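Structure first, commentary second.
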Amino acid sequence: MPELPEVEALRDFLDEHLVGREVVRVLPVAINVLKTYDPPVMALEGRTVTAVHRHGKFLDLDTGGLRLVTHLARAGWLQWRDRLPDTPPRPGKGPLALRVALAGGAGLDLTEAGTQKRLAVYVVGDPLDVPGVADLGPDPLADDFDEPRFAALLTGERRRIKGALRDQGLIAGVGNAYSDEILHVARMSPYKLAASLTEEEVHRLYEALRTTLAEAVERSRGLAAGRLKSEKRSGLRVHGRTGEPCPVCGDAIREVAFHDSSLQYCPTCQTGGKLLADRRMSRLLK
């Protein structure tokens, strides 16, 4: 799933390539991708893109009062095309979900792989009309997201820190992959209760959160949209690297598998050498 760094890089890319261009046509290929119907998606046609914003993992294409907001979900992606095909897309053929054609022949495609269709597109006057945007917590890279604010968010959070970091209502933009990376940098168990963190641990986690995301954004900045996925994978130190040596201590990266996701961690760096139980046992293996 694209997370804050990849979505920010897409925003940066689209800000360069999209702003100032007129929308000629918007073609929903998979009708289920549209989550709003008033105003209709065709209302964007003839309007000029004035800005591109990011809200957590949401992209927001502003046409001067009317916005196309999208969440790429787990298997969605955005593909820029310098020249769109002359023939219109056929519904039900391939991963294409929605196409935006621009004046001059360029455009972008929103695609989604797999059978679980969660890619979402909204046409709204205000991004806060999108439920997922309205419910977002603060952006962890915002200038006003300081350590006291982070500490206040964790106060009373009686759940594991891994889950707290992934909660979009608590902190916007962090998902499964970067929460693993942040906790590895902070040398912290993903099973540690958020409310139990000491002042020093909160400081360590705050620094890891900010630096990990900022460095990932910088690695991705300036890359074409098609290269962002491979850049994300190459920059991850523990997530998706089960069995590989930890780049810090050399211990084998371990995994805890859940129904629809998994987490990776280093026992030496994060849990004092203990192996974490899976969800079914819900405790540390001794």
Side-chain angles (χ1 to χ4, degrees), residues 1-4 6-11 13-14 17-18 21-47 49 52-63 65-81 84-102 106-136 166-169 172-177 225-226 228-229 232 258-261:
M1 177 184 291
E3 300 180 35
L4 185 156
E6 295 77 48
V7 179
E8 177 61 20
L10 285 173
R11 187 212 64 77
F13 177 86
L14 292 176
H17 289 76
L18 200 58
R21 297 208 186 200
E22 180 187 348
V23 177
V24 175
R25 289 201 68 189
V26 182
L27 301 167
V29 180
I31 194 65
N32 61 297
V33 76
L34 295 176
K35 306 305 178 186
T36 56
Y37 301 97
D38 186 18
V41 69
M42 290 77 73
L44 293 164
E45 297 174 359
R47 303 178 71 94
V49 179
V52 183
H53 310 280
R54 178 184 60 79
H55 315 284
K57 302 178 191 178
F58 288 82
L59 271 174
D60 173 2
L61 311 185
D62 189 354
T63 64
L66 196 61
R67 299 164 183 255
L68 186 149
V69 179
T70 183
H71 191 288
L72 297 172
R74 176 169 292 184
W77 196 244
L78 183 150
Q79 296 180 345
W80 174 262
R81 294 179 179 269
L84 288 172
D86 293 329
T87 56
R90 296 176 60 189
K93 300 293 183 181
L96 181 60
L98 182 136
R99 172 168 288 169
V100 178
L102 305 170
L108 60 89
D109 288 342
L110 292 177
T111 63
E112 186 171 29
T115 58
Q116 293 186 347
K117 301 303 182 182
R118 298 176 180 174
L119 176 68
V121 173
Y122 308 81
V123 179
V124 293
D126 186 335
L128 293 179
D129 291 337
V130 177
V133 174
D135 297 336
L136 286 175
R166 292 184 62 188
D167 183 350
Q168 301 304 294
V174 179
N176 195 36
L228 289 173
K229 288 185 180 181
K232 177 180 181 178
F258 302 97
H259 172 65
D260 60 351
S261 66

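Everything numeric in this text was worked out from a predicted model, so none of it was measured. In this chain, numbering begins with 1 at the start of the sequence shown. Just the heavy atoms: all of them, side chains too, but no hydrogens, waters or symmetry mates, feed the values below.
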Report task. For side chain to side chain contact (heavy atoms under 4.5 Å, CB included), just list the numbers for L14 and L78, CA-CA rounded to whole Å, side-chain angles, deciding distance to a tenth of an Å, and then say yes or no. Result -> CA-CA 10 Å; L14 292 176; L78 183 150; 3.6 Å; yes
Taking all non-hydrogen atoms of both residues into account, name the closest pair between [X] and [Y] and its distance.
{"X": "L96", "Y": "P89", "answer": "CD2-CB, 3.4 Å"}
{"X": "V33", "Y": "A97", "answer": "CG1-O, 3.9 Å"}
{"X": "L102", "Y": "R21", "answer": "CD1-CD, 3.8 Å"}
{"X": "R74", "Y": "P2", "answer": "O-CD, 4.3 Å"}
{"X": "A73", "Y": "L119", "answer": "CB-N, 3.9 Å"}
{"X": "P40", "Y": "V123", "answer": "O-CG1, 4.2 Å"}

Query raised in the report: So L10 and W80, side chain to side chain contact (heavy atoms under 4.5 Å, CB included) or not? Walk me through it.
Result: CA-CA 10 Å; L10 285 173; W80 174 262; over 6 Å; no
Report task. Output every pair passing side chain to side chain donor-acceptor pair (under 3.5 Å) with a member in residues 24-47, not counting sequence neighbours, ordered by first then second residue. Result ->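 Applying side chain to side chain donor-acceptor pair (under 3.5 Å) to every pair that reaches into residues 24-47, excluding sequence neighbours, yields R47-T63.
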Query - Sequence neighbours excluded - side chain to side chain donor-acceptor pair (under 3.5 Å) pairs with any residue from residues 118-135 - result: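 For residues 118-135: Q116-R118.
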**Report entry** Sequence-distant partners of R54, side chain to side chain donor-acceptor pair (under 3.5 Å), two or more places apart
**Finding:**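 Checked R54 against side chain to side chain donor-acceptor pair (under 3.5 Å); matches are E8, D139.
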Straight-line distance of [X] [atom1] to [Y] [atom2], nearest 0.5 Å:
{"X": "F13", "Y": "L18", "atom1": "CZ", "atom2": "CG", "value": "9.5 Å"}
{"X": "L59", "Y": "L110", "atom1": "CG", "atom2": "CG", "value": "8.5 Å"}
{"X": "L108", "Y": "H17", "atom1": "CG", "atom2": "NE2", "value": "11.5 Å"}
{"X": "L84", "Y": "D109", "atom1": "CG", "atom2": "CG", "value": "6.0 Å"}

Query raised in the report: By side-chain contact (heavy atoms from CB on, under 4.5 Å), which residues pair with P28, not counting sequence neighbours?
Result: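 Result, side-chain contact (heavy atoms from CB on, under 4.5 Å) vs P28: L34, V41, L98.
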Requested in this report: Please name all residues satisfying side-chain contact (heavy atoms from CB on, under 4.5 Å) with H55, sequence neighbours left out, ordered by chain then number.
Outcome: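 Only H53, F58, D60, P127, V133, L136 meet the side-chain contact (heavy atoms from CB on, under 4.5 Å) criterion with H55.
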Requested in this report: For residues V52 and R11, determine if any side-chain heavy atom of one lies less than 4.5 Å from a side-chain heavy atom of the other.
Outcome: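 Yes, close enough: below the 4.5 Å cut-off.
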Query raised in the report: Taking side chain as C-beta onward, heavy atoms only, is S261 less than 4.5 Å from R166?
Result: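 In short, these two side chains touch, coming nearer than 4.5 Å.
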Query raised in the report: With sequence neighbours excluded, what pairs up with D167 under the salt bridge (charged side-chain N to carboxylate O under 4.0 Å, His left out) test?
Result: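 By the salt bridge (charged side-chain N to carboxylate O under 4.0 Å, His left out) rule, D167 matches R159.
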Query raised in the report: Taking E3 for the side chain and G56 for the main chain, is one N or O donor matched with an acceptor at less than 3.5 Å?
Result: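 Checked: no pair found.
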